[in-house]
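Working notes, beginning with the structure itself.
From a predicted model like this one, the values you see are computed outputs, not experimental measurements. So that the names make sense, note that chain A is the first sequence line, chain B the second, and so on, each numbered from 1.
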2 protein chains.
Amino acid sequence: MQMDDRKQKILRAIVQDYIASAEPVGSRTIARKFNLGVSPATIRNEMADLEDLGFIEQPHTSAGRIPSDAGYRYYVDCLMDAPKLSSEDKNTIEIETTKRISEIEEVISHTAKLLSQLTSLTSIVMGPQKGKSSFGQMYFLPYQPGKAIMVVVKENGAVENHIVDIGEYLSAEDLQQVATVFNNKLKGFSLGQIKKTLLHEIYSELTKQRHLLDNALSMLEAILDDEPEGEKVYLGGTLNMLNQPEFRDFDKVKSLFGAFEEDECLKKLLSASQNGLSVIIGGENKLQEFQDCSVISATYRVNGEVIGSIGVLGPTRMDYAKSMGIVDFMTRSLTDLLSKSRKR
Amino acid sequence: MQMDDRKQKILRAIVQDYIASAEPVGSRTIARKFNLGVSPATIRNEMADLEDLGFIEQPHTSAGRIPSDAGYRYYVDCLMDAPKLSSEDKNTIEIETTKRISEIEEVISHTAKLLSQLTSLTSIVMGPQKGKSSFGQMYFLPYQPGKAIMVVVKENGAVENHIVDIGEYLSAEDLQQVATVFNNKLKGFSLGQIKKTLLHEIYSELTKQRHLLDNALSMLEAILDDEPEGEKVYLGGTLNMLNQPEFRDFDKVKSLFGAFEEDECLKKLLSASQNGLSVIIGGENKLQEFQDCSVISATYRVNGEVIGSIGVLGPTRMDYAKSMGIVDFMTRSLTDLLSKSRKR
DNA sequence: GTTAGCACTCTCTATTGATGAGTGCTAATA
DNA sequence: TATTAGCACTCATCAATAGAGAGTGCTAAC
């Protein structure tokens, strides 16, 4: 049995109607709403075929059909209108992203909010991958006796400050000296590389200045320890999930919101998209908690280099065309925005 | 009618049993579980009296009784065992809070997590009140052409960095000069005060150095604009609310989680506690969304000055003695920790 | 003042039956 | 041969009903 034109039309009708209504779609409904020029009985026959092919399923004997994961997949791959976004949404994105915002973190969290607003789904935005970000420069500023503020500028423009213990014996010049060594040795290296290969090099350099060493070492540790394992993840519109009829079930909500609190889970969700727009549908997802969800994600770049990803999470029954359009456009404008702001 | 000793014992029994079981408490249950030496019938009579006094109520004719807000209030004020915390919890708090953490923000968010863990409730922690925090020092660091990193150290020890536009024309010395003016003029003033009274003073001072003024002004604006209105609020254990039987209701969950996303709401919740330990029970709360909740909160200090508050939010039926014990102790150790770290 | 006994109330759960949406099959039709 | 009309059948949903159980309030006895 093959997918002919009519089967495709019917499958598309089922998916679209189910996306809109969240109710199983019957043959009669299709005949009425979509003008296919055939009777419900014919549609029933075709639907039986589509069920055999695995694209739709029946929740119970006397209900209409709902798309299976395979059905959604076929829809996304072959039947769907090209991802599109309304000029209204486009406008909003352009206005919102051109509002001058100075810090990357703010841009990111702002993006998460905007994304969830536009899609009515839950948005997940992964900030610059710190492990991959490279060291740019560092400064030490006086803070309190025995402590200093260490300001680290990454190559991607992110700025972080940490309080570090410096012991009692370091003067401002000593600190300056340490910073100089760091800046010379580390510029351009990722923090991962720093940890592995460069640590002992600095160590030996500083050995020459015996009196600095002991305290400098604790600083080094502080730098690397304070650096969290992975990237920061921002969520937006988690509440939107509560509006979806498929989550009118307490246990589902609990396990879902539980997963939301685990950064690791969210990172895994986004990790699929290596490049371009990625769509993961229902059971294609390996994470138990998200088997009833679909994820649309994409990576964004700064100056050509992938530094993070954004995505939306929703019920399997989501408006793929719209969501994909928004995620795609958002990725582009984020990439634009970040690259532009770096050039200035 | 007066509260005699037996009435008090019965009321305490009702509150405690209801806290534990979340089920209306019947006369028979009390006679069985609490050895009052009287029969269920007698207890029934007393319960009728307690209901007349407004301390308990019946969800429906043939159910047991549950405490009213007034009942909880009486319990907390007069009947409850002194707020107490297990030596186990005490230990956890002491170990967790003495882990060396350098930045105030980290301490705060860590506190929120710990608090919700120990109480199985939702924790709300309000960070240092920025409006009330005072300016300490500022530095400018080179960033990119036309931009600088502005590092602001508050008097309470918090450090923030912002990227500011400086236009094309400012040299490092110019920046240094501006910073010096700021540091001299502003040290010790709250940001509120800065905005109102000192702005024109600096303005006039900088007027003397004409070439700096235009650009310095935009920086000033950046400083004050970047400063958010209020304090940052941290939530922990919001999921715990889903485990409470009183929130097995979708509309409640939705409005509750909606309120969680509004920082303003949460701030209002905590604002009650001006000093010491404050307990707000059910309807005493003015916010619609939290009428079924109680809030226990307290303020913490750095060097005698109140800089924030912590609290827990739970269903009206919460274990007040335990929660109050934990919040109280936590406040103290937070105060200790922050004050100690400031002295070093 | 306390208690035992009992009728009464009300929630909760399970059962039942009616309704309606939707299917699958068969036979008639183009 | 493909399509369609007709019809019996299935199953979820909803409302009504009955029975069980928990708990009360009242009365009368202790």
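- Proximity of A:T42 to the phosphate of D:dT4: a side-chain N or O atom is located under 4.0 Å from OP1 or OP2.
- Shown here are the salt bridge (Lys or Arg N to Asp or Glu O under 4.0 Å) partners of A:D17, two or more places apart in sequence or in another chain: A:K33.
- Judged as a ring-ring contact (aromatic ring centres under 6.0 Å, His included), the pairs with a partner in residues 42-85 of chain B (not counting sequence neighbours) are, in order, B:F55-B:Y74, B:Y72-B:Y320.
- Counting only residues at least two apart or on different chains, the salt bridge (charged side-chain N to carboxylate O under 4.0 Å, His left out) pairs with a member in residues 281-297 of chain A are A:R73-A:E284, A:K252-A:D292.
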Hey, mind stepping through A:K7 and A:L50 against side chain to side chain contact (heavy atoms under 4.5 Å, CB included) and telling me if it holds?
-> CA-CA 7 Å; A:K7 280 193 180 54; A:L50 284 170; 4.2 Å; yes

Each nucleotide N or O in nucleotides 13-18 of chain D that has a protein N or O under 3.5 Å away: list the pair and distance.
none

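- Nucleotides of DNA chain C that come within less than 4.0 Å of any heavy atom of chain B span, from the 5' end to the 3' end, C:dT2 to C:dT11.
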Yes or no on side chain to side chain contact (heavy atoms under 4.5 Å, CB included) for A:T92 and A:Q117, after CA distance, side-chain angles and deciding distance?
-> CA-CA 10 Å; A:T92 312; A:Q117 238 171 55; 5.5 Å; no

Under the side chain to side chain contact (heavy atoms under 4.5 Å, CB included) rule, what do B:D4 and B:E46 come out as? Steps first, then yes or no, please.
-> CA-CA 10 Å; B:D4 56 28; B:E46 297 285 33; 4.3 Å; yes

Taking only N/O atoms, report every protein-nucleotides 19-23 of chain D pair under 3.5 Å with atom names and distance.
from   : atom 1 : to    : atom 2 : distance (Å)
D:dG23 : O4'    : B:S62 : O      : 3.2

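- For the residue pair B:Q288 / B:S255, no side-chain donor-acceptor distance below 3.5 Å is found, with atom types taken as modelled.
- Side-chain atoms of A:T316 and A:E246 form no donor-acceptor pair, as typed in the model, at a separation below 3.5 Å.
- For the side-chain contact (heavy atoms from CB on, under 4.5 Å) criterion with A:K322, the lone passing option out of A:V327, A:L85, A:D89, A:D81 is A:D89.
- Atoms CG and CZ, on A:L269 and A:F290 in that order, are 4.5 Å from each other to the nearest 0.5 Å.
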